[in-house]
Amino acid sequence: MRGGLRLRLMQLASLRGVLFFLVLGGIAWLLITTGQLNPKTQLFDGAGLASPVLRDQIDTFMPLSLLAMTLLTVLLTTGPSFHFSPTEINLLFVGPFSRRDLILYKFIAYATGAALSAALIAPFAQSQTGSVLSAFTASFLTLLFVQLNSAAVGMAWQKVEGTRFARLKWPVTGVICTVALAAIAYAWASPDYNLFDLLSGLRQSWIGTVILIPYIPFAELFLAQTLFPQLALWATVATLINVALLWAVIRLDGHTSERSLREHARMSDRWERMKQGGSFWATERSEIPSIRHAPMLGGLGPMAWRQAIKAVRNSSKLIAVFLVGAGCTGPLSSMAGISIIGDRAMVALFFFFGYILPRTLICDFRGDLTRMETYKTLPIAPWRICMGQLVVQVLLAYLIALTMIVSVFLFEESMAAPVALALAAFALPLTLLIYAIENTIFLLFPAKLIPMGRADFEFLGRALIEFIAKASVIVVAVSLAIGVGSITFMMFKTTLLLPALASWLSLILIAGVAVIVMQYAFRRFVVAEAFD
């Protein structure tokens, strides 16, 4: 533990660590000085953050969300509940430590990360809880519960696997999904009854209350108005629940230690593949044969074909999940009564397409760091190499965007056909711009794409600065394209078709400039200076 603490202090003392805290402190200072830590933003049904309506929503939906996380843990768990790195396995597993000692050591490490996360959340949650102390306490105990609950549930299921009860997993899952789909269809068919009303009815029923008993105290932590007795009471209950879960994890670990070692070995191999360049989700190996040779296209074809085969072999499940999620956006937003073309929804969509999707679906230079030497020696024009790296990534992201646009158009009454066509047209150059910027930053400043631990300040600071820089460039590009369209409209006083075409061509031109800058970054990339 002292070694881990020294490592974190060394990161904080580095230039990148200092810059990260300066950026984070600057953002917090801006939020405090502008009064945004006490926001007046409205959430579901127009509820302000300090209104009684929001308190009812927290009381209703937070326990349901924690229950959903538990069910997903049972359904999707495959790896070890507590992950030990190869260094920890080599040094600790052969030392004079019991399994109980190792679990407690890992729990302390997770608790430290939870405390840091809670310290970041507390200033933003104090508008609801009333004080920084209550916000920190609620956030810290809830984060601990999420970790311990997922570990205990995962270990309990691993113990059940191999018995006759394991056969009930998929039949029970099918029954639950059928009931959920039937309830969603009922909410959709009822004009005055939406998805939130359905979930609220489940939460208020006696069956829902019984099922959600372990999760209700953590919602009450965020709803406590006084430090004593409300916060003290619910914090004591939450602490007892976490202690009980930790005891269960220690007891269950003795029955799952052999499988845990196998999973650690599998995760270590996957970790090595991630270090070569890639995301966690895109490193699950699967074998799919290549059915033909790629067209040359001046050298662009083979690289694009290789990236396509790599995407199918390594990320087919991830692509399917994104496509299904994009296809469900329209019906789910319609049933929930949320307008997908609202300001807050558009910000969430930008965060998904600008950060989450590029970080999880990787079919470009960022996943080929170990092959950069080969690319640098190819007798092919650099712009062809760059376009060969981008084409598959851009087309996959554009396909997901098109699926979402069609889904929203079919279920969103406020979206007209011209708006949907405009979004489909502008999505392609915008997607090209996003991935050109992403690869340019990576080629200029190559670094790992995954955090080395729960409190990797260097990774967090880099990710924050990269996102701010990328968002700034995209905002400037979109503003310039809109400006060109506005000038065209004022000059010709025609229909919106000509200004839209001018904006679209401007955005394509800006994306082309971004590709040229990416080519420059590829030219100056030095293989010997890349990180290990």
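Counting begins at 1 with the first residue of the sequence.
Every residue was checked against the side-chain contact (heavy atoms from CB on, under 4.5 Å) condition with Ala469, not counting sequence neighbours, and none meets it. Judged as a side chain to side chain donor-acceptor pair (under 3.5 Å), and not counting sequence neighbours, the contacts of Asn149 are Thr70. With sequence neighbours left out, the side-chain contact (heavy atoms from CB on, under 4.5 Å) criterion links Leu323 to Ile319, Leu399, Ile400, Thr403. Residues that satisfy the side chain to side chain donor-acceptor pair (under 3.5 Å) test with Asp364, not counting sequence neighbours, are Arg366, Asn439. Partners of Tyr105 by side chain to side chain donor-acceptor pair (under 3.5 Å), not counting sequence neighbours, listed by chain and number: Glu88. Remark: Tyr398 engages no residue in a ring pair (Phe, Tyr, Trp, His ring centres under 6.0 Å) (not counting sequence neighbours). For Phe107, the ring pair (Phe, Tyr, Trp, His ring centres under 6.0 Å) criterion is met by no residue, not counting sequence neighbours. The side chain to side chain donor-acceptor pair (under 3.5 Å) check on Gln389 picks up Gln307, Tyr375, with sequence neighbours excluded. In this view, Tyr520 satisfies the ring pair (Phe, Tyr, Trp, His ring centres under 6.0 Å) rule with no residue, not counting sequence neighbours. Among residues two or more places apart in sequence or in another chain, the side-chain contact (heavy atoms from CB on, under 4.5 Å) test is passed with Leu212 by Pro63, Leu64, Leu67, Arg203, Tyr215, Ile216.
Residues Val391 and Tyr435 have side chains not in contact (no heavy-atom distance under 4.5 Å, counting atoms from C-beta outward). A 4.5 Å side-chain heavy-atom check between Thr142 and Met62 finds at least one atom pair inside the cut-off. Side-chain contact between Phe353 and Met404 is present, with heavy atoms from C-beta onward closer than 4.5 Å. Using a 4.5 Å heavy-atom threshold, the side chains of Phe218 and Asn242 count as touching. In this structure the side chain of Trp383 never reaches within 4.5 angstrom of the side chain of Val515, judged on heavy atoms. At least one side-chain heavy atom of Arg306 sits less than 4.5 Å from a side-chain heavy atom of Arg371. Using a 4.5 Å cut-off on side-chain heavy atoms (C-beta onward), Arg359 and Glu466 make contact. Using a 4.5 Å heavy-atom cutoff, the side chains of Gln519 and Ile385 are not in contact.
Ala481 approaches Ser506 most closely through the heavy-atom pair CA-CB, 4.1 Å. Across every non-hydrogen atom of Phe522 and Lys376, the tightest pair is O-NZ, 2.9 Å. Contact detail for Cys363 and Gln393: the closest heavy-atom pair is N-OE1, 2.7 Å. Between Val392 and Ala304 the shortest heavy-atom distance is CG2-O, 3.1 Å. When all heavy atoms of Leu143 and Ala114 are compared, the closest pair comes out as CD1-O, 3.6 Å. Of all the heavy atoms in Leu357 and Ala397, the pair that sits closest is CD2-CB, 3.8 Å.
Judged purely by atom type and a 3.5 angstrom limit, Ser407 uses its side chain to pair as donor or acceptor with the backbone of Gly327. In this structure a side-chain-to-backbone donor-acceptor pair under 3.5 Å is present from Lys470 to Gly354. Looking at Ser139, its side chain never comes within 3.5 Å of a backbone N or O of Phe136 through a donor-acceptor pair.
We find the CG-OG distance between Leu480 and Ser503 to be 10.5 Å, quoted to the nearest 0.5 Å. Atom CD1 of Ile441 and atom CE of Met518 lie 12.0 Å apart (nearest 0.5 Å). Considering CD1 of Ile362 and CG of Leu318, their distance stands at 9.5 Å, rounded to 0.5 Å. Ile474 contributes atom CD1, which lies 11.5 Å from atom OG of Ser479 (distance to the nearest 0.5 angstrom). Rounded to the nearest 0.5 Å, atoms CG (Leu245) and CE (Met155) are 11.5 Å apart.
For the ring-ring contact (aromatic ring centres under 6.0 Å, His included) condition, the pairs that include at least one residue of residues 306-333, sequence neighbours left out, are Phe322-Phe352.
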Under 3.5 Å donor-acceptor pairs involving side-chain atoms of residues 423-433, not counting sequence neighbours:
{"from": "Thr431", "atom 1": "OG1", "to": "Ala427", "atom 2": "O", "distance (Å)": "2.6"}

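Not less than 6.0 angstrom separates the ring centroid of Tyr355 from the ring centroid of Phe350.
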